[in-house]
Visitor: 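Structure in structure tokens, see below.
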Amino acid sequence: MSLIPPRTPPGVMELLPRQQVAFQRMLDTIRRGYERFGFVPVETPVFETADVLLTKSGGETEKQVYFVQSTGAIQQGHKPDMALRFDLTVPLARYVAEHERDLAFPFRRYQIQRVYRGERAQRGRFREFYQCDIDVIGKDSLGLHYDAEMPAVIHHVFRELDFGGFTININNRKILLGLLDGLGIGEPERRVLVLREIDKLDKLDRDTVRANLTGEGLAVPGDVADRILGLIAEQKSNDDTLAALRAMDVDNDTFRTGIHELSTVMEGLRAFQVPDDAVRINLAIARGLDYYTGTVYETFLNDHRGIGSVCSGGRYENLASHYTKSRLPGVGISIGATRLFYQLLEAGLIKDGGATAQVLVTQMDPALTGDYFRLAADLRAAGLNTEIQLDGGKLAKQMKYADKAGIPVAVLMGSDEKARGTATVKHLLRGEQREVALADLPATVKALLEG
RNA sequence: GCGAUGGUAGCUCAGCUGGUAGAGCCCUCGGUUGUGGUCCGAGUGGUCGUGGGUUCGAGUCCCAUCCAUCGCCCCA
């Protein structure tokens, strides 16, 4: 019989236990941060009915959706009536519309689950990945203070994650849309293309972007391109950027509203005590998704800009218009945890998660098996994650196991120690070893773990 | 979906102008009595992505195909 080669499907992140532990800790940190701000957990099924999921039907996303169908139904020639979610926002919209009467508004939910996209897998791009979302959904209206709260949460979480410095880039789509409209680029299709080029200012230099804008495809007049780039391509302080915006001679209501919203949000950030240097107004941030209507965010790690945005989001005026007549504006962000973790792992910045066991009780003498079990029970009662090497066997082998599994401390007790009422504790990473009275064992292990 | 590069042991790779497969790491065992990670020794492990062609003979040349990586697109 020929063996089937064991292979993970492309585009998934599957980890060895020690890394999985590290990943789990990262998710725990994010979850704690979200709960610290009072967000409540929601989980939705991995699949939704296709009609619910594909309301947006923005060609691109639909091509990337995985359909789900039972084999029986396929045999009968039915088309798939379910599909895997490709983000958490659409399921949220359905959830809120469905449970509207039972929820407290403004509804603050967090959701940490996997989503699925049928893309061609590339480095750091996955077909299955975690999104860690928070959103606040208002009924009829939602104040701009919530737009300011999002960066406060991002700031809190990324400080806790401890991946070094980071910058939250913030913008308001009304500014860009109004600006383009006021400058004679009003038709939606052309505007999207122009925004896409502007969004590339991060990667391409100004002259290249200008050439793309004025080229035959978009045909933006040269003086208009210069005005746009003059405003957004130059790095200024946040206050100077706002001043430059107010000084623009563009007669457009949307543009003015955008400026007002952005400056209101910036004031709100101070109230939330988000440090000034953690947030930067970046007028080039456009975000591809068209359901964002106001504030947009993208967060970058200062030392690893190549990773791209690690936390993005924005404001949308009406979340669930496809499912309910209620008006439900919202604002939210999403951390792409899988990509973030993978990239940091590649960069060697993820610390080994070790094992879940903190201490391994070895079995040196089969006659003392009962003692080992008591010992382990004592350690567990003291709050230590404890494992017994149940197979026994050569001590060298048991030590080797602890080392490979990442268990930092081993407890040894042979007939000599038993006679003396002691046990030997060894810290495998430091090679440190001492013999202590059984009563002191838990405290000694704890001291070694902290030491 | 388009373009570029590559597919040899579980992993990283070597194999020159064609002559019947190698290294390091990993893994297993050993280096005698209760100590891992270092060191020394031994061992397991490959139909050279797949199919076809040229040749006395192909990992090595040719064609096709699949897959992977990178770029474009889009995005977390």
Side-chain angles (χ1 to χ4, degrees), chain A residues 2-3 5-11 13 16 30 58-64 85-89 112-133 192-193 195-197 199-200 203-204 212 285-290 292 297-301 307-314 332-344 346 352 360 362-368 389 392-418 423-435:
Chain A
S2 68
L3 296 170
R7 291 264 187 270
T8 49
M13 182 178 78
L16 293 169
I30 294 169
E60 276 305 321
T61 35
E62 190 159 358
K63 262 189 279 180
Q64 297 188 345
R85 58 173 175 228
F86 51 84
D87 70 10
L88 300 178
T89 305
I112 299 175
Q113 291 193 278
R114 293 196 258 213
V115 301
Y116 298 84
R117 291 187 196 175
E119 304 189 76
R120 241 196 119 60
Q122 278 180 27
R123 159 192 262 275
R125 308 186 60 171
F126 295 92
R127 305 203 293 188
E128 176 191 70
F129 58 95
Y130 270 93
Q131 286 196 328
C132 309
D133 280 30
V192 168
L193 294 175
L195 285 179
R196 198 169 284 163
E197 291 306 321
D199 205 33
K200 290 179 184 166
K203 287 182 181 175
L204 306 176
N212 289 344
I285 298 288
R287 305 283 302 137
L289 294 174
D290 34 62
Y292 291 124
Y297 319 95
E298 290 206 341
T299 306
F300 298 91
L301 300 182
I307 291 178
S309 176
V310 294
C311 175
S312 313
I333 50 139
S334 176
I335 299 174
T338 301
R339 172 187 278 184
L340 176 60
F341 183 84
Y342 177 81
Q343 302 272 30
L344 292 173
E346 289 276 285
D352 186 345
L360 179 77
T362 60
Q363 297 208 66
M364 198 175 286
D365 184 346
L368 300 180
Q389 223 294 359
K394 291 181 72 169
L395 189 60
K397 199 172 174 183
Q398 298 186 47
M399 297 299 281
K400 206 169 178 174
Y401 166 75
D403 180 58
K404 187 163 187 184
I407 305 172
V409 171
V411 171
L412 297 71
M413 185 174 76
S415 48
D416 296 355
E417 282 107 333
K418 164 78 175 169
T424 297
V425 192
K426 176 165 185 169
H427 194 284
L428 297 235
L429 300 177
R430 296 202 294 275
E432 195 180 332
Q433 176 170 324
R434 52 180 106 139
E435 187 176 336

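Keep in mind that what you see is a predicted model, and the values were worked out from it rather than measured.
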Visitor: Expressed as a whole number of angstroms, how long is the span from A:R117:CZ to B:C74:C1'?
Guide: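 Rounding to the nearest Å, CZ of A:R117 and C1' of B:C74 are 9 Å apart.
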Visitor: How many Å lie between CG on A:L395 and P on B:G34, as a whole number?
Guide: 8 Å
Visitor: Kindly point out which of B:A76, B:G34, B:G36 is positioned nearest to the side chain of A:S309?
Guide: B:A76
Visitor: Within the pair A:K394 and B:C29, is there a side-chain N or O less than 4.0 Å away from OP1 or OP2?
Guide: no
Visitor: Minimum heavy-atom separation for A:I112 to A:Y130, with atom names?
Guide: CG2-CD2, 4.1 Å
Visitor: Does any N or O donor sit under 3.5 Å from an N or O acceptor when you compare the side chain of A:Q398 with the base of B:U35?
Guide: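 No such pair is found, so the answer is no.
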Visitor: If you assign A:H427 and A:K404 each to the RNA chain B nucleotide with the nearest heavy atom, which residue ends up on the more 5' nucleotide?
Guide: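 In this pair, the answer is A:K404.
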Visitor: Can you name the closest pair of heavy atoms from A:A410 and A:M399 and give their distance?
Guide: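 Result for this residue pair: CB-SD, 4.1 Å.
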Visitor: Quiz question: by atom type and distance under 3.5 Å, do the side chains of A:Q433 and A:T424 form a donor-acceptor pair?
Guide: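 Checked: A:Q433/A:T424 side chains show no N/O donor-acceptor pair below 3.5 Å.
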Visitor: Is the aromatic ring centre of A:Y401 closer than 5.5 Å to the centre of the six-membered base ring of B:G36, with the two planes inclined by less than 30°?
Guide: no
Visitor: Please state whether the base of B:G36 and the side chain of A:D403 form at least one donor-acceptor pair under 3.5 Å?
Guide: yes
Visitor: Checking side chain to side chain contact (heavy atoms under 4.5 Å, CB included) against A:L428, which of A:L360, A:I407, A:D403 comes through?
Guide: A:D403
Visitor: At 4.0 Å (heavy atoms only), tell me whether A:K400 reaches a base, stays on the sugar-phosphate, or touches nothing.
Guide: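 The residue A:K400 makes sugar-phosphate contact but no base contact.
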Visitor: Specify the separation, in whole Å, of atom OH of A:Y342 and atom C1' of B:U69.
Guide: 10 Å
Visitor: Using only heavy-atom distances, decide whether a donor-acceptor pair under 3.5 angstrom links the side-chain of A:E417 to the base of B:G34.
Guide: yes
Visitor: I want to check one thing: is the phosphate of B:C29, taken as OP1 and OP2, less than 4.0 Å away from some side-chain N or O of A:K397?
Guide: yes
Visitor: For A:A396, report the nucleic acid contact type (base, sugar-phosphate, nothing); a contact means any heavy atom under 4.0 Å.
Guide: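 It contacts sugar-phosphate atoms only.
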Visitor: B:C11 pairs with which nucleotide, Watson-Crick or G-U wobble, both distances below 3.5 Å?
Guide: B:G24
Visitor: Name the nucleic acid region contacted by A:D365, choosing base, sugar-phosphate or nothing; use a 4.0 angstrom heavy-atom cut-off, strictly under.
Guide: nothing
Visitor: Could you tell me how far apart A:Q363 (CD) and B:U35 (P) are, to the nearest whole angstrom?
Guide: 16 Å
Visitor: Once you round it to whole Å, what is the distance between C1' of B:G36 and CD of A:Q389?
Guide: 12 Å
Visitor: With rounding to the nearest 0.5 Å, note down the distance linking SG in A:C132 to CD1 in A:I30.
Guide: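 Output value for this atom pair is 4.0 Å.
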Visitor: Step by step, work out the side-chain contact (heavy atoms from CB on, under 4.5 Å) result for A:Y297 and A:S312.
Guide: CA-CA 5 Å; A:Y297 319 95; A:S312 313; over 6 Å; no
Visitor: CD of A:Q131 versus C1' of B:C75: gap in Å, rounded?
Guide: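 Interatomic distance, CD of A:Q131 to C1' of B:C75: 10 Å.
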Visitor: In whole angstrom, give the distance that lies between atom CZ of A:R196 and atom C1' of B:C73.
Guide: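 Distance check: A:R196 CZ to B:C73 C1' gives 8 Å.
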Visitor: A:F341 has an atom CZ; how far is it from atom P of B:A76, in whole Å?
Guide: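 Computing the A:F341:CZ to B:A76:P distance gives 21 Å.
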Visitor: How do A:C311 and A:E197 order along RNA chain B: which one's closest nucleotide is nearer the 5' end?
Guide: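 Its nearest nucleotide being more 5', the pick is A:E197.
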Visitor: Taking donor-acceptor contacts at under 3.5 Å, does the side chain of A:R339 reach the base of B:C75?
Guide: yes
